[in-house]
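Read the structure below first, then the notes.
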Amino acid sequence: MDRIRIEYHPNTGKTSETFSFEDYCNAPEEPPIIPPTDETPWCPFPTRLDFEVSEVMLDVHMNKKQIAKMIELIHQAIASPQSFTLANEADHSQIWEYARETRAVAFQKRVISVKYKEEELSYDVWTWPIWTCSHTPHTKHLYRELLLDETLIHKFQWNAERLSKFNGEKYEHFVDEPWTANAWWNYQSTLPVGALPFCIILYADKTRLSSFGTEKGYPVLVRCANLPVHIRNGEGVGGGRLIGWLPIPKEDAQERGKKGFVNLKREIWHQAVYEIIQSIELHTKIGTSVECADNVVQQIFPHILIISADFEEQSMIALTHGGTSNFPCTICLVPKAEIPNLSKEFDMRTTQTMQEVWDRAQDMNSTDREELLKGYGLRDVKNVLWGLRGTDVYRALSWDKLHAHDAGLWADHLLEEVKRILKELPTINRRNAEAEIDTAFNIPPWSGLTHFKSLSSTGEMADGSKFEDLSKVFIFASQHILTPDVSKEGFHLLKLIRSYLELNMFASVTVQTETTIAAGKAEMQCFEELLHVYEKLNPLKAWTFPKVHTHQHIFRDIMDKGVTRNYNTKPSEKANGPLKTCYQRHTNFKNVASQILRVSEMDLVSTIIRNGIDTLDRHANEPGPDVDVMTMSMAGDLESEEVQETPRVVHRSIRPNITIADLEQGHSSDAAFQGFCKKLADVLARCRGVQRVTLRSQEQITPYQFVKVAFTSMIDWRLNDNILRANPNFHNRPRYDYTLIKVHAQECIFARILYIFHDRPRDEALQLTRLRARPRASREFLVVDVIDQDMWMRMKSIVLVHHAAI
């Protein structure tokens with residue numbers, strides 16, 4: 001049953017292969033370590049120690065005085081002065097400057113001119129070309145940094161694949177990475193046999209550099225979709241790269257909002273972006289030959305596969321009129337009035353059709369031209385991305401979970417509706433409701449989940465990730481407040497929020513199968529139906545804004561470009577943090593672009609050198625050529641005889657041994673520990689398959705405070721683990737976690753872990769699982785199932801039992 005089939009793209013000439021489930025999931029990700037060709041990767045720094053000290057200075061963003069003091073202290077403390085050659089801050093600056101010149105290309109300033117009201121306006125654009133220009137063939141641009149890196153080249157995925165898993169009846173198609181989805185397959189089908197795609201993820205967005213937002217930057221980042229998600233969304237070599245800094249035209253109060261000025265800003269954007277992408281324009285048409293780090297010459301076609309941006313930026317990229325227009329969607333031609341009708345489908349935008357419309361409009365007078373373009377929601381500006389062969393800009397634009405859901409539909413609308421309903425409750429009810437919700441926010445801790453003290457404390461929040469966390473816990477904190485008796489409107493809103501959470505979980509799954517996609521589409525239909533009911537309960541609230549509609553395209557994007565984490569803006573927005581730090585600590589707050597980009601270049605050099613040093617260290621720790629191969633083989637055989645399966649449960653945080661009698665005495669007031677010795681003996685007898693096990697009360701057990709449990713994920717079928725705690729004082733508060741225990745084939749029971757040692761019915765309206773503790777208390781608990789993907793998926797397939805002998 002557990003088999004994975006891989007269908008390779010016809011251009012590879014390879015036939016389909018079938019792997020066992022275990023071989024596929026446990027396939028080694030790391031290739032054999034290849035001896036590095038550069039034995040001094042820290043150059044041009046004179047020594048490794050010179051680089052590592054300078055690396056720290058860069059990481060902590062020291063200013064010149066701090067650097068000078070640090071160097072002085074190092075010279076006082078260093079035991080071997082010859083290993084550290086920097087004498088002063090000037091040496092430090094000079095070596096970094098030389099490193100920038102020799103290890104990475106500097107950002108180049110280009111000047112673009114745009115005519116507005118008979119005046120020629122000039123703007124600066126800073127670019128770091130993606131591909132080799134004719135006048136800089138040997139400079140380390142993005143593609144050279146990646147393709148000539150010995151540690152990365154073996155992790156490149158060049159060819160499209162179609163994956164499927166046998167589910168007992170048939171092979172079921174699934175997608176995760178971009179190369180497993182349709183767009184990559186279709187694009188590769190347009191290339192000559194043997195040619196390979198170099199797929200690019202493009203991101204651009206304005207960001208505030210200063211605390212009050214008076215100073216803004218406009219970075220452009222790219223990631224390479226050929227690399228696995230953990231590399232391309234990471235911060236090291238192979239991660240996102242800053243390749244451009246766009247101009248932000250100053251807004252005159254008299255010009256703000258005028259059609260001509262709005263079009264001007266879009267023309268500036270597109271001319272500036274062309275300065276960045278023109279280095280790949282020709283190569284998208286004819287390709288280019290590159291000798292990669294594995295000494296193989298490949299014919300490569302660069303291709304913008306994905307554009308990651310929020311809705312406002314997408315409107316800039318697609319040159320549409322935005323959320324207030326009659327056709328606001330950047331992907332399809334949905335009329336604004338039809339936005340809440342998610343089950344209706346409309347014509348998709350394509351580069352061909354939109355360019356044809358724009359071309360026709362250019363032959364018309366201004367009135368007719370504007371009327372034609374408005375009928376498609378288009379601006380009267382030519383889109384520079386139309387010139388890239390193979391890139392359909394409207395197909396590349398991708399649904400962004402961070403801004404469309406977490407910081408959009410939830411934060412700006414569903415949450416605001418809840419706050420409004422609470423505010424409209426009678427005074428006494430409102431105060432009690434707010435207090436009870438604040439109390440209910442005190443849910444058990446979960447790794448990576450933000451905890452909130454009160455609903456009012458979220459008012460000034462601006463972080464989309466925190467809004468995501470709030471959405472996951474809010475319904476559990478408010479379900480006992482907004483009941484049908486208290487507020488019919490509020491209760492139905494909770495039902496809508498629950499459907500939103502389900503849809504959000506389906507959108508977040510990191511491996512999408514035909515089954516999960518079908519279920520997600522069904523949940524979309526449920527969301528639409530609940531939304532229409534809520535519209536009648538509150539007709540004053542308009543639901544014709546784009547973020548209600550854009551998630552209609554989630555599952556099309558997943559089938560085209562893989563799972564949503566491939567194009568979520570969250571990793572790129574995180575990259576804005578260092579830019580703000582650079583602004584605060586490395587600029588004089590005037591003409592900041594060049595100063596920020598200089599530090600970015602230094603950071604890139606530091607990353608490249610650090611990767612080279614780490615590779616050198618790994619190779620140094622490998623067995624050398626003088627090691628007796630026969631001895632190694634014999635040792636391996638001996639190890640294989642003694643090898644044991646990786647334990648599924650590992651105990652940690654050991655405590656002093658305790659007798660069973662002392663344990664019972666110490667928990668005498670807790671019903672769960674009454675008769676503990678007999679209960680333990682019964683469990684041991686069942687586990688050992690014997691009729692009876694005799695335990696004496698003076699026998700000792702070894703307590704622990706947490707246990708690490710391995711399990712097979714229902715999402716990606718790989719081995720994952722969770723940490724479960726039973727600690728009376730974990731960060732100054734007791735923590736006793738809950739666990740889901742399998743008692744039969746598909747039957748499970750929830751249990752609370754009260755002590756670690758070694759030797760329920762569903763709420764149909766809100767779809768919440770309610771549990772009652774036995775025999776300790778009559779309290780009711782809720783299963784918070786939308787934090788962890790695996791728990792959420794398991795709750796859809798298991799049968800909960802009321803009692804089990806465990």
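Values below: every heavy atom of this structure, side chains too, minus hydrogens, waters and symmetry copies.
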Exercise. What is the ring orientation for His549 with His553, classed by angle as parallel under 30°, tilted 30 to 60°, or perpendicular over 60°?
Worked result: perpendicular

Exercise. Do the charged groups of Lys453 and Asp438 touch, with an N to O distance under 4.0 Å?
Worked result: no

Exercise. If you take all heavy atoms of Phe441 and Val473, which pair is closest and at what distance?
Worked result: CE2-CG2, 4.0 Å

Problem set entry | Any Asn720 side-chain heavy atom under 4.5 Å of Asp790 side chain | no

For this session: With sequence neighbours left out, write down each residue that passes side chain to side chain contact (heavy atoms under 4.5 Å, CB included) with Met505, or none if nothing qualifies.
Result: Lys472, Val786, Gln789, Trp792

For this session: Please confirm whether Lys561 makes a cation-pi placement over Trp184, using NZ or CZ under 6.0 Å from the six-membered ring centre and within 45° of the ring normal.
Result: no

Exercise. Parallel, tilted or perpendicular: which describes the rings of Trp410 and Tyr500, with under 30° parallel and over 60° perpendicular?
Worked result: parallel

For this session: Inspect the contact between Glu345 and Arg556 and indicate whether a charged nitrogen and a carboxylate oxygen are less than 4.0 angstrom apart.
Result: no

Seminar exercise, completed: Between Gly464 and Asp406, the two heavy atoms sitting closest are O-CB, 3.5 Å

Problem set entry | Nearest atoms (heavy-atom pairs only) where Cys748 meets Lys742 | SG-CA, 3.9 Å

Exercise. Would you call Trp399 and Ile331 a side-chain contact if the rule is heavy atoms closer than 4.5 Å?
Worked result: no

Problem set entry | Pair Arg420 + Glu416: basic N to acidic O under 4.0 Å | no

For this session: Look at the rings of Tyr534 and His492 and say which category their plane angle falls in: under 30° parallel, 30 to 60° tilted, over 60° perpendicular.
Result: parallel

Exercise. With a 4.0 Å cut-off, would you call Glu313 and Lys206 a salt bridge?
Worked result: no

Exercise. Honestly, is Lys541 close enough over Trp543, meaning NZ or CZ under 6.0 Å from the six-membered ring centre and within 45° of the axis?
Worked result: yes

Problem set entry | N-O pairing of Arg232 and Glu177 below 4.0 Å | yes

For this session: State, yes or no, whether a side-chain contact exists between Asn504 and Lys401 at a heavy-atom distance under 4.5 Å.
Result: yes

Problem set entry | Glu502/Arg498 ion pair, N-O < 4.0 Å | yes

Exercise. Do the charged groups of Asp463 and Lys466 touch, with an N to O distance under 4.0 Å?
Worked result: yes

Exercise. Nearest heavy-atom pair of Ala309 and Ile317: which atoms, and what distance?
Worked result: CB-CD1, 4.2 Å

For this session: Begin with the C-alpha distance, continue with both residues' side-chain angles, and end with the deciding distance and a verdict on salt bridge (Lys or Arg N to Asp or Glu O under 4.0 Å) for Glu172 and Lys165.
Result: CA-CA 5 Å; Glu172 183 179 26; Lys165 179 178 181 291; over 6 Å; no

Problem set entry | Polar side-chain atom of Thr207 near backbone of Asp205 as donor-acceptor pair, under 3.5 Å | no

